[in-house]
Each structure stands twice: as structure tokens, then as C-alpha cells.
A.B. asks: 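Have a look at this one before I ask anything.
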Amino acid sequence: MKITLKGDVREFEAPKTALEIAASLSQALKKEALAVKVDGEVQGLTTVIDRDCALEFLTFADEEGRRVYRHTASHVMAQAVKALWPEAKLAIGPAIENGFYYDFDCDTAFSTEDFKKIEKEMERIVKANYPIVRSEKPRAEAIAYMQEKGEPYKVELIEDLPEDAVISFYTQGDFTDLCAGPHLPSTGYVKAVKIMSVAGAYWRGSEKNKMLQRLYATAFPKKADLDAYVQQLEEAKKRDHRRLGRELDLFDVRDEGPGFPFFYPKGMILRNLLEDYWRKIHREHGYEEIKTPMMLNRALWERSGHWDHYAENMYTTKIDDTDFAIKPMNCPGGILVYERRAWSYRDLPIRSGELGLVHRHEKSGTLHGLMRVRCFTQDDAHIFMRPDQIRDEIKGVYQLIDEVYKVFGFQYTVELSTRPENSIGTDEMWALATDGLQGALDDLNVKYTINEGDGAFYGPKIDFHLRDCLGRTWQCGTIQLDMNLPERFDLTYVGADGEKHRPVMIHRVVFGSIERFIGILTEQFAGAFPLWLSPVQVRILTITDRADAAAKDLQAKLEKAGIRTEIDLRNEKIGFKIREAQMQKIPYMFVLGDKEVENGVLSVRSRKGAVETMTYDEVLAKLREEIETKAL
């Protein structure tokens with residue numbers, strides 16, 4: 001049989017398991033392979049290959065390989081729980097990002113003390129290296145089998161499958177679980193595991209069903225990788241924007257408004273600085289700022305397609321017997337702005353930007369600080385252009401986004417998402433739009449990956465995924481090319497031939513959401529923002545009350561010079577004042593005592609601990625340079 005491996009065709013005697021083929025290629029591949037793709041379908045390494053096909057071996061470096069690895073680890077955890085609490089009923093146990101979970105119906109409430117017991121039993125199962133064997137049963141036989149084992153949740157899952165379905169099971173030692181697979185060849189592949197937490201979870205996500213216990217865990221091939229991941233989580237806790245937002249008095253989400261953030265005075269300084277920077281850079285790139293209404297009528301949303309495709313996420317109301325929706329997106333309003341007058345081909349491109357507040361109904365379980373909210377400000381811009389301007393405009397947007405991310409020190413990856421199943425528009429429109437995005441990226445020599453079928457319903461898109469200092473990625477910027485909405489709204493411009501033509505539209509954001517971007521920045525800098533973004537840039541600390549008058553004069557001079565300044569005249573020890581300022585992440589502390597006042601100098605201390613003695617003019621020049629260059 002002929003096997004294609006990354007374009008290279010090899011001949012093998014049939015039949016062979018995928019693992020045997022890996023071993024014949026190299027011992028390193030045999031050791032690292034976790035699963036295999038057979039003609040694009042992920043299967044286990046014990047799969048017998050008996051025909052010509054294309055194979056791609058998956059390791060822990062591949063997302064699909066990690067999912068197989070961690071899904072097997074979830075079965076190992078389920079086996080351990082059943083060994084320790086035989087009365088526990090099994091629900092589901094999928095792999096998720098960075099780990100896996102398993103839901104149990106158990107009378108014993110799992111505690112952190114139980115985690116060690118479960119992990120120890122998992123280690124025993126791993127050491128036993130049980131082969132993981134797949135088997136199949138007809139639906140009726142599968143139901144009877146799970147009823148005999150006393151697993152009602154598994155029975156319910158099987159009953160939801162078609163009458164003629166063949167049901168697969170995986171067995172390791174004395175443990176068998178209902179599962180579609182695939183899995184690792186044996187339990188011995190699972191090396192380093194750790195249970196992270198326990199939480200309540202309704203069966204099938206419905207509050208009408210019983211509350212189960214969900215054990216979250218993770219697994220890695222090497223203990224060193226697990227230790228590094230746990231250390232990263234500890235660092236992430238220290239940087240959690242929700243905690244820092246409260247401690248630094250920046251922002252919070254209150255119980256009175258789930259998903260609706262509050263910004264406090266210092267948080268508003270940070271927010272306004274970002275918005276001011278956004279306005280400045282957009283002016284430089286030829287954008288005009290607009291503002292569109294927060295609420296528009298149903299007819300508009302039906303015309304745009306949002307009512308049919310997005311209604312479940314929209315907040316609606318009635319005014320004078322007419323349905324209205326609070327905008328979940330700014331695009332239709334931006335289109336109405338374009339519609340206000342006739343345009344010539346000479347006027348294009350038209351670039352308009354908006355810091356528009358949008359509302360989307362997100363499920364309460366998905367809300368997370370500023371990262372997932374129900375109202376947020378999108379830094380939208382809409383560009384209307386001629387077809388011959390597509391590539392240049394996309395390149396211009398890309399360069400603007402790249403410039404912004406570099407200011408904040410972010411590295412990023414780029415993803416091109418193509419046509420989804422629920423799309424609107426013609427094949428020709430989609431081909432032209434996709435070619436425009438891909439061609440611009442190629443012209444710029446940008447490295448990107450293609451995300452098949454994940455575009456917006458109205459057009460393909462380029463997504464920018466920021467990588468923070470902990471290695472986490474966040475989807476922020478996006479560029480979406482749209483030829484469907486101009487068609488639906490009958491948008492036109494007069495061409496050089498005097499006839500009406502259809503413009504092409506770009507939707508794009510840079511920050512994505514101001515709120516989310518602030519959350520990302522807070523965690524990126526652990527609350528210690530660069531000087532230009534810090535709500536308080538300098539705090540003046542007095543050693544004795546004899547320096548109070550000089551401190552007040554200094555504060556007035558700094559404020560007049562545009563430096564955001566606080567003053568601490570409390571009768572406290574200077575060490576206490578310094579520590580408190582450092583806890584508030586204030587970039588610079590100016591310490592004033594008798595000696596500084598007498599000599600007309602400042603003792604300048606950075607939040608990192610460095611101390612210099614400087615004159616006022618010297619320190620002001622230093623601050624201004626750091627602010628103007630947006631130094632990190």
C-alpha cells in the first residue's frame with residue numbers, strides 16, 4: 001500500500017497499525033506520536049492501515065495531539081475516581097484548552113484533600129500501562145450494558161443517538177467508558193497530571209438538571225512542563241486584572257450589573273489616554289470620527305441580516321409599537337452615515353472610525369471581568385472603496401494595527417478566516433473578498449495561518465492574536481472585507497464612466513474592545529503601566545511636615561507641566577509611604593525632606609527601587625522624554 005507522508009509517498013506491506021508505521025520511520029517519531037490523521041481524520045495510533053492513504057502524525061506540539069492526550073488523561077481520572085468512590089456516576093469528560101475535566105455525580109463532596117488521593121490512584125493506573133482497547137456495540141446493546149453498569153448519564157447520552165447508531169467504548173484495565181475517541185494506545189503514555197480545581201456543573205448545562213461535580217485537571221508529557229504551567233498560572237493570578245482593577249481603584253464589575261463594567265476616576269484616566277491615542281493615530285492615517293445611535297429599529301437589523309443571524313444575542317425593546325434593538329455592532333450605523341450623500345469615485349476611499357458602545361447578551365457563565373462583558377466599546381472603523389483599492393486599503397489597515405501593537409510591546413500572530421456555512425452572498429463575492437485579503441498579506445510578506453470556515457457570515461476576515469508576557473494569546477484586532485452589506489443596502493458611488501457602481505466595505509478594529517484591551521494591558525504590565533499610561537505618574541512623599549509647603553508648590557508645578565501627580569503629607573514613616581506607593585504601582589516617587597528642600601533637589605525613586613538625586617528641570621525632562629516616546 002502507498003502511504004503519503006507530508007507529500008512523500010512510501011510503500012508498506014498491508015496491513016500495519018499507524019504506530020508500526022511510525023516506528024518504521026523513526027524511533028523518535030514512535031516515541032513522540034500521540035495520534036494520527038488518516039486522510040484528514042484524527043484516529044488512534046492502534047488504527048490498522050490497510051489501504052492507500054495520507055498520514056499525518058500528531059504530537060503534543062499539535063493542538064489535536066494535545067486533545068487526544070488530555071482526553072485519555074480524563075479517562076484515567078475517571079477510572080481513579082471510580083476506584084476510590086465506586087458509587088460515583090460518570091457524566092462527560094472532554095479535553096479543553098490547557099487541560100480537561102470530568103463531571104461526576106457523587107455523594108462525597110470532592111475537596112482539595114481528595115485531589116492528592118485521586119492523583120496517586122492516577123499514577124498507579126499510568127504505571128500499570130493498561131492497553132486502551134476500542135470496542136463497538138449496537139445501540140440497544142449499549143444501553144443495556146450501561147444500565148447494567150449503573151451509569152444513567154451514559155444511558156441518556158446513548159438514547160439521544162439514532163436507532164441505527166453503532167456505539168463505541170474504550171476499555172483500560174477494569175474500566176470501560178462510552179466514548180467516540182480517539183485515545184492513546186495505553187495509559188502509560190500519560191506522564192504528569194495535576195487536578196486544578198472542583199466546581200459545580202449542571203448536567204448538560206441546564207439548571208433544570210442535577211448539579212454535578214466537575215473536576216478540572218491538566219496533563220503534560222513532562223513534569224517540567226507541568227511545573228512551568230502551574231508557575232505560569234500562579235503568575236497569572238498575581239496579574240489577574242479583576243483583582244488589580246479593585247486594588248488599584250481602576251475598574252470593577254458589580255453584582256448589580258453582571259457583565260456591565262464600572263470605571264472609576266483612575267480607570268477613566270487610563271481609558272481616555274487610550275482613546276486619545278486612538279484618535280491621534282487615526283487622524284494621521286486619514287480617518288474621520290463619527291458617532292451613531294445606540295438603538296435602531298428592527299427594519300435596519302433585518303436589512304443588515306443581524307436580526308436573522310444574531311437576534312438571540314441582541315437586547316430589544318418596543319417604541320411606539322415598533323421593535324428596536326440596542327446595537328450589538330456598529331456596522332449598520334456606519335452604513336447609514338455613508339448613505340447620507342452621493343459619492344464620486346474620486347471621493348473614495350472613505351474612512352470613518354467610531355468608538356461605539358455595543359451590547360451583546362452573553363450567558364452569565366461566560367462572563368469574565370473585562371475580558372467577556374455584555375457592553376463594551378468597539379473601536380470600529382468602516383472603509384468604503386473601489387474594488388481596485390482593496391489591496392492598498394487592507395495593507396494600510398494592517399500597517400496601522402502593527403504600529404499600535406508595537407507601541408504596547410505586543411507580539412502577535414495573524415489568522416485568515418474563510419467562508420463559514422451560514423454565509424450570505426455569492427460565490428463570486430466570497431472569492432473576490434478572500435483573494436483581496438490573502439493577496440494583501442502576501443504583498444506584505446506576512447506569515448499567517450488559514451482558519452477554514454471561521455469567517456463572519458458576511459465576509460472573510462484577518463484576525464490578530466496578541467501574545468502577552470505569559471505566552472497567552474488574545475484575539476483583538478480584525479480586518480473583515482465585506483461585499484454583501486453594500487449589496488443589501490444598495491450602496492453606490494458614481495464611477496469615471498458616469499454610471500453607479502457598488503463600493504467594497506472593510507470592517508476593522510484595532511483594540512477590538514476598549515474594555516478588553518484594558519484588561520489585557522493590566523495583566524501584561526501587572527498593573528505597573530508605562531509612564532504615559534499610568535493614572536498617577538508621580539507621588540510626592542514628605543519626610544516631615546516642614547517639607548509640606550515645598551511639596552505643594554512642587555505638585556502645582558508638575559500638574560501645570562502636564563504630569564499627573566499625587567501628594568502624601570501624612571504623618572507616617574517614609575518607608576511606609578514608599579511601600580504603599582510601590583503597591584499602587586506608581587512609576588515615580590519624589591521624596592522631600594529638609595535636605596532636599598534646602599538644596600533645591602529631589603530624591604527620585606522609581607517603583608523598581610532605583611534612587612537618583614536630580615533637579616526639577618532634570619527630572620521634568622526625563623519624564624517628558626519617557627512620556628513622549630511612550631517608553632515601555
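None of the values given here were measured: they were computed from a predicted structure.
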A.B. asks: May I ask you to decide if the ring planes of Tyr170 and His75 are parallel, tilted or perpendicular, using 30° and 60° as cut-offs?
C.D. replies: perpendicular
A.B. asks: Rounded at 0.5 Å granularity, tell me how far SG in Cys476 sits from CZ in Phe517.
C.D. replies: 6.0 Å
A.B. asks: Under 3.5 Å, sequence neighbours excluded: what are the donor-acceptor pairs made by side chains of residues 250-265?
C.D. replies:
{"unit_1": "Asp252", "atom_1": "OD1", "unit_2": "Arg246", "atom_2": "NH1", "d": "3.2"}

A.B. asks: Can any side-chain N or O of Asn330 pair as donor or acceptor with the backbone N or O of Asp380 at less than 3.5 Å?
C.D. replies: no
A.B. asks: Assess, by modelled atom type and distance only, whether the side chains of Gln378 and Ser513 contain a donor and an acceptor separated by less than 3.5 Å.
C.D. replies: no
A.B. asks: Does Trp532 have its ring centroid less than 6.0 Å away from the ring centroid of Phe408?
C.D. replies: yes
A.B. asks: Please find out if less than 6.0 Å separates the ring center of Tyr189 from that of Tyr69.
C.D. replies: no
A.B. asks: Before you tell me yes or no, could you show the steps for His361 and Tyr315 under ring-ring contact (aromatic ring centres under 6.0 Å, His included), namely the whole-Å CA-CA distance, both residues' side-chain angles and the distance that decides it to 0.1 Å?
C.D. replies: CA-CA 7 Å; His361 178 63; Tyr315 294 112; 5.7 Å; yes
A.B. asks: Out of Asn451, Thr449, Thr478, which residue meets the side chain to side chain donor-acceptor pair (under 3.5 Å) rule with Asp463?
C.D. replies: Thr478
A.B. asks: Taking the side chain from Asp276 and the backbone from Arg279, do they hold a donor-acceptor pair closer than 3.5 Å?
C.D. replies: no
A.B. asks: Using the ring centroid of each side chain, check whether Tyr216 and Tyr102 are separated by less than 6.0 Å.
C.D. replies: no
A.B. asks: Take atom NZ of Lys291 as the centre, draw a 6.0 Å sphere, and report whether it contains more than 12 heavy atoms from other residues, nucleotides or ligands.
C.D. replies: yes
A.B. asks: Say you draw a straight line from OG of Ser534 to CZ of Phe525; how long is it, rounded to the nearest 0.5 Å?
C.D. replies: 9.5 Å
A.B. asks: Is it true that Arg271 and Thr377 share a donor-acceptor pair across their side chains at a distance under 3.5 Å?
C.D. replies: yes
A.B. asks: Listed by chain and number, what are the side chain to side chain contact (heavy atoms under 4.5 Å, CB included) partners of Thr413, not counting sequence neighbours?
C.D. replies: His465
A.B. asks: Does Leu178 have any side chain to side chain contact (heavy atoms under 4.5 Å, CB included) partners at least two apart in sequence or in another chain, and if so, which?
C.D. replies: Met146, Lys154, Leu157, Ile158, Ile167, Phe169
A.B. asks: Establish, from distance only, whether the side-chain atoms of His507 and Asp482 form a donor-acceptor pair under 3.5 Å.
C.D. replies: yes
A.B. asks: Salt bridge or not between Glu302 and Arg298? Use side-chain N to carboxylate O under 4.0 Å.
C.D. replies: yes
A.B. asks: Is the closest side-chain donor-acceptor distance between Asn209 and Tyr153 under 3.5 Å?
C.D. replies: no
A.B. asks: Answer yes or no for Arg66 and Phe100: cation-pi contact, defined as NZ/CZ to six-membered ring centre under 6.0 Å and angle to ring axis within 45°.
C.D. replies: no
A.B. asks: Indicate the ring-plane relationship of Phe220 and Phe60, choosing parallel, tilted or perpendicular according to the 30° and 60° boundaries.
C.D. replies: tilted
A.B. asks: Between atom CZ of Arg239 and atom SG of Cys469, what is the distance when rounded to the nearest 0.5 Å?
C.D. replies: 3.5 Å
A.B. asks: With a 6.0 Å cut-off on ring centres, are Phe115 and Phe110 close enough?
C.D. replies: no
A.B. asks: Sub-3.5 Å donor-acceptor pair from the side chain of Arg516 to the main-chain atoms of Leu370, do we have one?
C.D. replies: no
A.B. asks: Taking the basic N atoms (NZ, or NE/NH1/NH2) and the acidic carboxylate oxygens, is any pair closer than 4.0 Å for Lys89 and Glu156?
C.D. replies: no
A.B. asks: May I ask you to decide whether Glu64 forms a salt bridge with Arg67, counting only side-chain N to carboxylate O separations under 4.0 Å?
C.D. replies: no
A.B. asks: Quick one: do Glu41 and Lys37 make a salt bridge, cutoff under 4.0 Å?
C.D. replies: no
